[in-house]
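Note sheet for the following structure.
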Amino acid sequence: QKEVEQNSGPLSVPEGAIASLNCTYSDRGSQSFFWYRQYSGKSPELIMSIYSNGDKEDGRFTAQLNKASQYVSLLIRDSQPSDSATYLCAVGRLAAGNKLTFGGGTRVLVKP
Amino acid sequence: SAVISQKPSRDICQRGTSLTIQCQVDSQVTMMFWYRQQPGQSLTLIATANQGSEATYESGFVIDKFPISRPNLTFSTLTVSNMSPEDSSIYLCSVQMDSEAFFGQGTRLTVV
């Protein structure tokens, strides 16, 4: 079992719709959770961080964390073609120097 | 956030040679991280570099193949030694600020 799992996609979403991305992790001691966006040929860019159970909203993005279920998700509202990218879920544990473990990424395609 | 300058941005190298990648940060950081991203894959941590001590390597990565220097709190280098085509990847330098990780623009290495 991979430590951090994501559906590789592609997730095809019509413009203006909601894109829903999921991520599960195996380490129950994980304390920090991140979503990164990576455009082809570019380095990852931090979108959201979340540390406690519940929802966190930032603009069109909402991260949801459920530690009991070891599950973190990202919602992208009003999806735009510019949101087409690979979204990486990353999980960290402070006791391990907060080294991050990345999921395989979900490719999102927003179609006009 | 941090501004991370990484160079070279890309290189094509002959097998058997070595390449040193440089990473400069605009502020002092305790730990710097080196990742590898193979084609179509997610990020894999190579090692963590602390100033004034030996780098800590992850399973599957060894110092002879990936020597790292960390001479001060704003700079690090990663050398990919005795390269083979399997080393063709993107190599990324990363730092953490308030537990959030930020990345350099990456070095795209092709070994022929």
Side-chain angles (χ1 to χ4, degrees), chain A residues 2-10 21-27 29-52 56 58 61 63 65 72 85-108, chain B residues 1-10 21 23 25 29-51 53-61 70 78 88-110:
Chain A
K2 293 182 182 177
E3 294 182 52
V4 180
E5 295 211 46
Q6 296 180 252
N7 189 320
S8 62
L21 290 76
N22 302 319
C23 172
T24 58
Y25 59 94
S26 61
D27 183 359
S30 299
Q31 297 166 291
S32 54
F33 307 86
F34 307 92
W35 284 99
Y36 287 84
R37 177 176 62 198
Q38 187 174 29
Y39 292 114
S40 181
K42 302 294 185 182
S43 61
E45 171 192 11
L46 181 66
I47 299 175
M48 294 281 289
S49 59
I50 188 167
Y51 304 93
S52 54
K56 179 181 178 182
D58 184 358
F61 299 99
L65 175 61
V72 58
T86 296
Y87 290 79
L88 301 168
C89 172
V91 175
R93 180 199 266 258
L94 292 172
N98 208 36
K99 291 186 298 185
L100 297 183
T101 301
F102 284 81
T106 298
R107 193 157 70 96
V108 173
Chain B
S1 65
V3 176
I4 305 168
S5 301
Q6 191 175 332
K7 59 181 182 182
S9 58
R10 58 178 61 228
I21 302 166
C23 180
V25 188
V29 292
T30 304
M31 291 190 289
M32 295 176 75
F33 303 85
W34 287 98
Y35 288 86
R36 180 175 74 182
Q37 188 172 29
Q38 295 179 300
Q41 304 295 313
S42 189
L43 280 71
T44 301
L45 182 63
I46 298 171
T48 304
N50 292 323
Q51 193 268 334
S53 64
E54 293 282 332
T56 302
Y57 288 82
E58 298 300 304
S59 176
F61 297 97
R70 183 78 202 275
L78 169 76
S88 297
S89 287
I90 298 173
Y91 293 85
L92 292 150
C93 168
S94 173
V95 302
Q96 292 196 4
M97 312 282 281
D98 298 325
S99 82
E100 295 179 350
F102 300 93
F103 291 87
Q105 65 267 48
T107 297
R108 183 179 294 271
L109 170 63
T110 302

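We name chains A, B, ... by the order of the sequence lines, and we start the count at 1 in each one.
- Counting only residues at least two apart or in different chains, side-chain hydrogen bond (donor to acceptor under 3.5 Å, both in side chains) contacts with residues 35-49 of chain B comprise A/Q38-B/Q37.
- Of the atoms belonging to A/L88, it is side-chain heavy atoms, and not backbone ones, that fall under 4.5 Å from chain B.
- Taking A/F33 as the reference, A/Y25 meet the ring-ring contact (aromatic ring centres under 6.0 Å, His included) condition, with sequence neighbours excluded.
- Under a cut-off of 6.0 angstrom, the local environment of CD in B/E54 is sparse, with at most 12 non-hydrogen atoms contributed by other residues, nucleotides or ligands.
- In this structure, A/Y36 and B/A101 approach most closely via the heavy-atom pair OH-O, 2.7 Å.
- Among A/A90, A/S40, A/S49, the residue making the largest number of heavy-atom pairs under 4.5 Å with chain B is A/S49.
- Looking at B/L43, the atoms closer than 4.5 Å to chain A (heavy atoms on both sides) sit in the backbone and in the side chain alike.
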